[in-house]
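The next block holds one structure in the form of structure tokens; read it before the comments.
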Amino acid sequence: MRKNNKLVIYQMFPRLFTNTNVSNTFNGTIEQNGVGKMNDIDGKALESLKDLGVTHMWYTGVIEHATKTDYTQYGIQSSNPHVVKGNAGSPYAIRDYYDIDPDIAVDVPNRIHEFENLVNRTHDNDMKVIIDFVPNHVAREYHSDAKPSGVEDLGATDDKGMFFSPSNNFFYITGKEFAPNVDLGQGNDRYVEFPAKATGNDCYNEHPGVNDWYETVKLNYGVDPWNGCHYFSPIPSTWQKMCDILLYWASKGVDGFRCDMAHMVPVDFWHWAIAKVKEAYPSVVFIAELYDVGIYHNYIHYGGFDYLYDKVNLYDRLCEIVKYGSPASALTECWQRVDGLQGHMLNFLENHDELRVASPQLFGSAEKAFPALLVSATMSTSPFMVYQGQELGENAAGAMGFSGDDGRTSIFDYCSIPTLVRWYNNGNCGIQKLNNKERKIRAFYKKVLRLCNGEKAISEGAFFDLMYVNYHNLNPNKQYLYLRHYENETLLIAVNFDSQDAIVYADIPQHAVDFLKIDSGTYFMKELISGKQKTVEFSSNAKFELHIPAHNGVVWKIVK
């Protein structure tokens, strides 16, 4: 890969990705609905994703998490079903930070080697590997049976008589039994926890509700929640244990970590831990799931993160434009809000937490998201992420079990993804069984994703917003224009959020010509999505005639 490669991340649940069982019985077991395996993510599947334009695979749910499926025959302690969400369980309720989830292994005792082989296959296909690091909480019955020799388990030496101690890994509701507003069972089947531990979403009492993260336990990073006092010296036990986990997976060839709910963990921990990991593995990438623009700078410049989710800025604004008709011109505020940090933003239209763009609950159509896709993927040098099946127009129709019919692909249940079943085609990995609409959607994604690193103006170039000189030339509620430029190549990108085609006569201001150091003259232009070509006179006095299809965009490449 080129050193300045723009990250194009593909988020994949191995549990779902290669599951070809199409029964999708509501609340079905693993025997009824099947499960995908790491071994089935073979060279052919990875080669096809690489060809799509992907540079990094984010394998979600590979670490062992709580589940209702019984693996005690393999020496894996079972989970009480009353503190597991769905039959498969949440991949964010980690049971053992040092183990691979048995669901996705063909040979369960050999599961760590199957993961290592997946890492190697990914690298052989010139892509890098990202996995989740879940630092804020663990499953209620956390226990590591795969930890290396000499490693002390989380909570093993806690003083359970103290609500807070800097030496403890958990917070204890002393003298109280765990009593959430959910069924904990009866008799020998009943889940009993005494004293109760604080719940993962900062619920510091024994009564979390059904909408709380009741299946998880909050980790203690040395901050007393009652008074906010920090106890960071000496280094808290939790810090050391979690840093050791990062180093363990980095030693397995993992190239990056997507850090779940990073803002719920003290930035001081990240400052310390990321430096420790990068000292040993300098190229490892850290991505923060973060939902507060006000702390972006701190988590980059002090915390040490390479990239941050830009959910509450660009993603939310794009959704407002497509779904509710907010003005497209408001996108200018998005890059201004993160000016100086744009290259550190992780852009996306889907992930496991967000609604599918094609779902009735969001846009109702994958094609309506095309202009948002172009903006999100090409506006800056920052990474862009695609969620499995997004490139096929997956709409997550129907309820699979715990999560209900909510416009999201369930992360809690055993099920398959219909569009991916057709694309995977029992390992053939092609478009043969896709319908025409799915083929067109995938073809559009392929063009856009391959532009991300096929054009240096996108992967390495400067950005210039053209809206301030073009309000009179277009409908600012529906169209948005900008330039990307690198050396002698310029891209003029225009998107149209309208349901009608648009014709725009765009001005290029002298400031853009000077700032980007573009010489006036005659230029050859090629539209990189449709393939159309023309020759134009480029100067600050010229107007560019742009025909922009409905719910789409154009990328004109200008080369002298």
Side-chain angles (χ1 to χ4, degrees), residues 10-11 13 16 22 24 26 52 310-331 334 347-378 384-401 403-411 413 415-423 431 433-449 475 477-480 494-502 529 548-554:
Y10 190 91
Q11 183 189 6
F13 267 90
L16 302 176
V22 295
N24 280 342
F26 180 80
L52 189 66
D310 198 20
K311 194 271 183 194
V312 295
N313 183 44
L314 183 62
Y315 170 85
D316 282 353
R317 187 54 54 90
L318 286 168
C319 287
E320 290 167 2
I321 293 168
V322 178
K323 186 173 177 64
Y324 301 112
S326 293
S329 58
L331 289 169
C334 290
N347 297 334
F348 56 85
L349 296 181
E350 286 189 6
N351 61 49
H352 66 277
D353 286 318
E354 308 302 339
L355 295 168
R356 291 284 192 176
V357 295
S359 70
Q361 293 90 337
L362 195 53
F363 304 155
S365 162
E367 293 89 340
K368 282 186 178 180
F370 282 178
L373 166 67
L374 268 170
V375 169
S376 194
T378 69
F384 180 70
M385 182 170 71
V386 176
Y387 183 40
Q388 58 181 12
Q390 176 184 342
E391 76 281 11
L392 304 173
E394 176 60 41
N395 65 5
M400 295 297 104
S403 64
D405 187 5
D406 63 356
R408 299 173 177 85
T409 295
S410 176
I411 66 171
D413 302 292
C415 57
S416 58
I417 300 175
T419 52
L420 277 175
V421 171
R422 292 192 287 277
W423 172 83
I431 64 173
K433 290 193 174 182
L434 298 179
N435 60 41
N436 287 336
K437 183 177 180 179
E438 291 162 350
R439 292 184 185 195
K440 289 177 181 177
I441 293 168
R442 193 177 193 278
F444 188 81
Y445 268 82
K446 183 174 179 177
K447 285 183 178 180
V448 173
L449 297 184
N475 180 351
N477 292 319
K478 297 297 182 182
Q479 287 98 45
Y480 185 68
V495 295
N496 179 20
F497 293 94
D498 202 352
S499 58
Q500 303 293 323
D501 293 356
I529 295 175
I548 318 173
H551 297 308
N552 214 307
V554 292

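These numbers come from the heavy atoms of this one structure, side chains and all, not from hydrogens, waters or symmetry mates. These figures come from a predicted structure and were not determined experimentally.
- Taking CD1 of I431 as the start and CZ of R422 as the end, the distance is 13.5 Å to the nearest 0.5 Å.
- Rounded to the nearest 0.5 Å, atoms CG (L331) and CD (E320) are 10.0 Å apart.
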From CA spacing to verdict: side chain to side chain contact (heavy atoms under 4.5 Å, CB included), L355, R408: CA-CA 5 Å; L355 295 168; R408 299 173 177 85; 3.8 Å; yes

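- Pairing each heavy atom of I548 with each of V495, the nearest pair is CG2-C, 4.1 Å.
- Residues D413 and F26 are not in side-chain contact: their nearest non-hydrogen atoms beyond the backbone lie 4.5 Å or more apart.
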Chi angles and distances behind the side chain to side chain contact (heavy atoms under 4.5 Å, CB included) call for C319, Y324: CA-CA 8 Å; C319 287; Y324 301 112; over 6 Å; no

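- Scanning all heavy atoms of the two residues, the minimum distance from S376 to L318 falls at CB-CD1, 4.1 Å.
- Atom-to-atom distance recorded for I321:CD1 and S329:OG is 8.0 Å, nearest 0.5 angstrom.
- Counting heavy atoms from C-beta outward, I529 and L374 have side chains that approach closer than 4.5 Å.
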Side chain to side chain contact (heavy atoms under 4.5 Å, CB included) evaluation trace for N496 with K478: CA-CA 6 Å; N496 179 20; K478 297 297 182 182; 4.2 Å; yes

Derivation and outcome, side chain to side chain contact (heavy atoms under 4.5 Å, CB included), residues N24 and S416: CA-CA 7 Å; N24 280 342; S416 58; 3.3 Å; yes

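- Below 30°, between 30° and 60°, or above 60°: for F444 and F370 the angle between ring planes is below 30°, a parallel geometry.
- The closest donor-acceptor contact from the side chain of Q479 to the backbone of N475 lies under 3.5 Å.
- Pairing each heavy atom of R356 with each of L362, the nearest pair is O-CB, 3.5 Å.
- Scanning all heavy atoms of the two residues, the minimum distance from Y387 to Q11 falls at CD1-OE1, 3.2 Å.
- Interatomic distance, OG1 of T409 versus CG of N395, reported as 8.5 Å (0.5 Å rounding).
- Considering Q388, E438, E394 in turn, E394 is the only one that fulfils the side chain to side chain donor-acceptor pair (under 3.5 Å) rule with T419.
- To the nearest 0.5 Å, the span separating CZ on F497 from CG on N552 amounts to 11.0 Å.
- In this structure a side-chain-to-backbone donor-acceptor pair under 3.5 Å is present from N313 to C334.
- Under the 3.5 Å distance criterion, the side-chain polar atoms of D501 are matched with a main-chain donor or acceptor of A550.
- Nearest approach of I411 to H352, heavy atoms of both residues: CG2-CB, 3.8 Å.
- Annotation: side chain of K437 is in contact with side chain of E367 (closest heavy-atom distance under 4.5 Å).
- Summarising the geometry, atom CG belonging to N351 is positioned 9.5 Å from atom CD belonging to Q390; distances are rounded to the nearest 0.5 Å.
- Taking each heavy atom of L392 and W423 in turn, the nearest pair found is CD1-CB, 3.7 Å.
- The environment of K311 atom NZ is dense: over 12 non-hydrogen atoms of other residues, nucleotides or ligands sit within 6.0 angstrom.
- Residues E391 and Y10 have side chains that bring a donor and an acceptor to within less than 3.5 angstrom of each other.
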